[in-house]
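Just so it is clear, the values below take in all heavy atoms, side chains as well, and ignore hydrogens, waters and symmetry mates. Note that the structure is a prediction, hence the values are computed from the model and not measured. Below, chain A is the first sequence line, B the second, and so on; all start at residue 1.
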Amino acid sequence: MKYTQENGNIILKDYDSFIISQTLECGQCFNFNKLGEEDYIVTAHKKALHIYQSGDAIVFEDTSINEFETIWLNYFDLNRDYNEIKKLLADEDEILKGAVEYAPGIRIINQEFFQCLISFIISQNNRIPMIKKVVYNISKKYGEYIRTVNGEDYYSFPEPKRLFGLDGEEYKDCKAGFRGKYIADAVTKYVTDELEIESFKSLSTEELRKRLISINGVGPKVADCVMLFSLKRSDAFPTDVWVKRIMSYFYFGGQDTPIKKIHEFADEKFGDYSGFAQQYLFNYARQFKIGTDK
DNA sequence: ATCCAGGCCCGAT
DNA sequence: ATCGGGCATGGA
């Protein structure tokens with residue numbers, strides 16, 4: 001991987017495993033807008049990044065070396081060798097090989113913790129387009145205006161303090177539905193430091209999971225997503241309906257298997273690579289509707 | 001129209 | 001401990 005600055009843009013070349021559409025649209029994040037083929041706006045870190053493919057390069061528009069190195073390099077996990085991960089998983093079995101080859105351009109994004117937490121609280125019993133809308137509505141109502149691109153306004157995700165004290169009902173304007181009270185509890189626990197975020201790094205994944213589940217509206221699945229997508233816990237294995245289906249289908253003879261058994265299996269088989277395996281499998285299962293009657 | 005969505009809470013066993 | 005109904009909202 002190498003990157004240079006040209007005309008105010010960062011040009012990324014000689015990278016491995018990075019297809020913008022696959023990384024953004026594999027279900028791990030909701031803070032993006034598609035402008036065209038391999039052409040997106042991503043809102044994070046109070047910025048609206050225009051990122052697109054140009055030949056064999058990826059362009060981070062209007063970005064300095066400093067901004068690239070302090071924000072986007074880590075955000076898109078560009079220091080990690082995904083060829084190594086993909087090879088390891090593909091060698092595991094034919095199923096993973098297929099899942100990896102189907103979307104070889106997925107990278108696990110390192111999202112901002114607060115936005116990720118709220119996003120996945122919203123995700124429960126919801127659909128991805130709707131999750132994106134609610135995240136956008138909250139940003140528009142409580143965040144700060146960043147800029148307009150192609151007639152579309154972009155807003156930063158609000159600071160926790162900005163949301164502190166809001167009643168759960170307030171989020172109904174943003175179409176959060178019954179999840180408003182959950183958002184309110186997450187905000188309260190964040191701002192009052194009930195979560196003790198500073199201590200996260202010293203906790204085991206299991207301990208951290210329990211801490212996150214103390215939030216009303218955060219269960220095992222949401223906690224695992226938050227740990228994987230914003231706290232670099234690649235040993236987490238978020239198991240939603242799709243992952244449950246594909247795991248049952250391929251590894252348990254088609255028998256509907258309890259999540260606890262699936263977790264034990266994933267721990268043993270994937271270990272610290274569980275999160276990566278999960279994302280390839282989730283994407284694969286969802287695209288082909290594996291385990292459903294369709 | 002009825003069903004369901006990257007689940008979780010809560011009350012009943 | 002485990003199970004099932006209910007839940008806001010909107011698209012199929």
- Task: Mind checking side-chain contact (heavy atoms from CB on, under 4.5 Å) for A:Ser156 and listing every partner two or more places apart, or none if nothing turns up?
- Result: A:Lys46, A:Glu144, A:Ile146

- Note on the structure: Quick tally for nucleotides 5-12 of chain C: nucleotides whose base has a protein heavy atom under 4.0 Å get B, sugar-phosphate-only ones S, the rest -, giving --BBSBB-

- Using atom P of each nucleotide, how far apart are C:dA8 and B:dG11 to the nearest Å? 15 Å

- Enumerate the residues from residues 226-248 of chain A whose closest heavy atom to DNA chain C is under 4.0 Å, giving them by residue number; use none for an empty result. none

- Heavy-atom donor-acceptor pair, A:Thr292 side chain to A:Lys289 backbone, under 3.5 Å: yes

- Message: I'd like to know if A:Lys189 pairs up with A:Asp185 as an ion pair, taking the criterion as any Lys NZ or Arg NE/NH1/NH2 lying under 4.0 Å from an Asp or Glu carboxylate oxygen.
- Response: yes

- Message: What's A:Gln278 touching, base or sugar-phosphate or nothing? Going by heavy atoms closer than 4.0 Å.
- Response: base

- Sub-3.5 Å donor-acceptor pair from the side chain of A:Arg107 to the main-chain atoms of A:Thr23, do we have one? no

- Item | Contact interval (first through last nucleotide) of DNA chain B with protein chain A, 4.0 Å heavy-atom | B:dC4 to B:dC9

Side-chain donor/acceptor pairs under 3.5 Å, residues 204-214 of chain A, sequence neighbours excluded:
residue: A:Ser204; atom: OG; partner: A:Glu207; partner atom: N; Å: 3.1
residue: A:Ser204; atom: OG; partner: A:Glu207; partner atom: OE1; Å: 3.3
residue: A:Thr205; atom: OG1; partner: A:Arg233; partner atom: NH1; Å: 3.2
residue: A:Thr205; atom: OG1; partner: A:Asp235; partner atom: OD1; Å: 3.1
residue: A:Thr205; atom: OG1; partner: A:Asp235; partner atom: OD2; Å: 2.8
residue: A:Glu207; atom: OE1; partner: A:Ser204; partner atom: N; Å: 2.8
residue: A:Arg209; atom: NE; partner: A:Asp224; partner atom: OD1; Å: 2.8
residue: A:Arg209; atom: NH2; partner: A:Asp224; partner atom: OD2; Å: 3.0
residue: A:Arg211; atom: NH1; partner: A:Leu195; partner atom: O; Å: 2.5
residue: A:Arg211; atom: NH1; partner: A:Ser199; partner atom: OG; Å: 3.3
residue: A:Ser214; atom: OG; partner: A:Arg211; partner atom: O; Å: 2.6

- Base, sugar-phosphate alone, or nothing: which one does A:Gly27 contact when heavy atoms must sit under 4.0 Å apart? base

- Task: Say whether, by atom type as modelled, one donor and one acceptor occur between the side chain of A:Ser54 and the main chain of A:Val59 under 3.5 angstrom.
- Result: no

- Message: When the C1' atoms of C:dT2 and B:dG6 are compared, how many Å lie between them, rounded to an integer?
- Response: 23 Å

- Task: Go through the steps to decide whether A:His263 and A:Phe265 satisfy the test ring-ring contact (aromatic ring centres under 6.0 Å, His included), and finish with yes or no.
- Result: CA-CA 5 Å; A:His263 273 142; A:Phe265 182 85; over 10 Å; no

- Message: Pick the closest DNA chain B nucleotide for A:Val218 and for A:Phe282 by heavy atoms, then say which residue is nearer the 5' end.
- Response: A:Phe282

- Flag the pair A:Pro158 / A:Ile138 as yes when at least one side-chain heavy-atom distance between them is below 4.5 Å, and no otherwise. yes

- Message: Could you check whether any side-chain N or O of A:Asn9 sits under 3.5 Å from a backbone N or O of A:Asp62, counting only pairs where one atom can act as donor and the other as acceptor?
- Response: yes

- Taking side-chain hydrogen bond (donor to acceptor under 3.5 Å, both in side chains) as the test, write out the residues that go with A:Tyr40, two or more places apart. A:Glu25

- Cation-pi geometry met for A:Lys132 and A:Phe32 (6.0 Å, 45°): yes

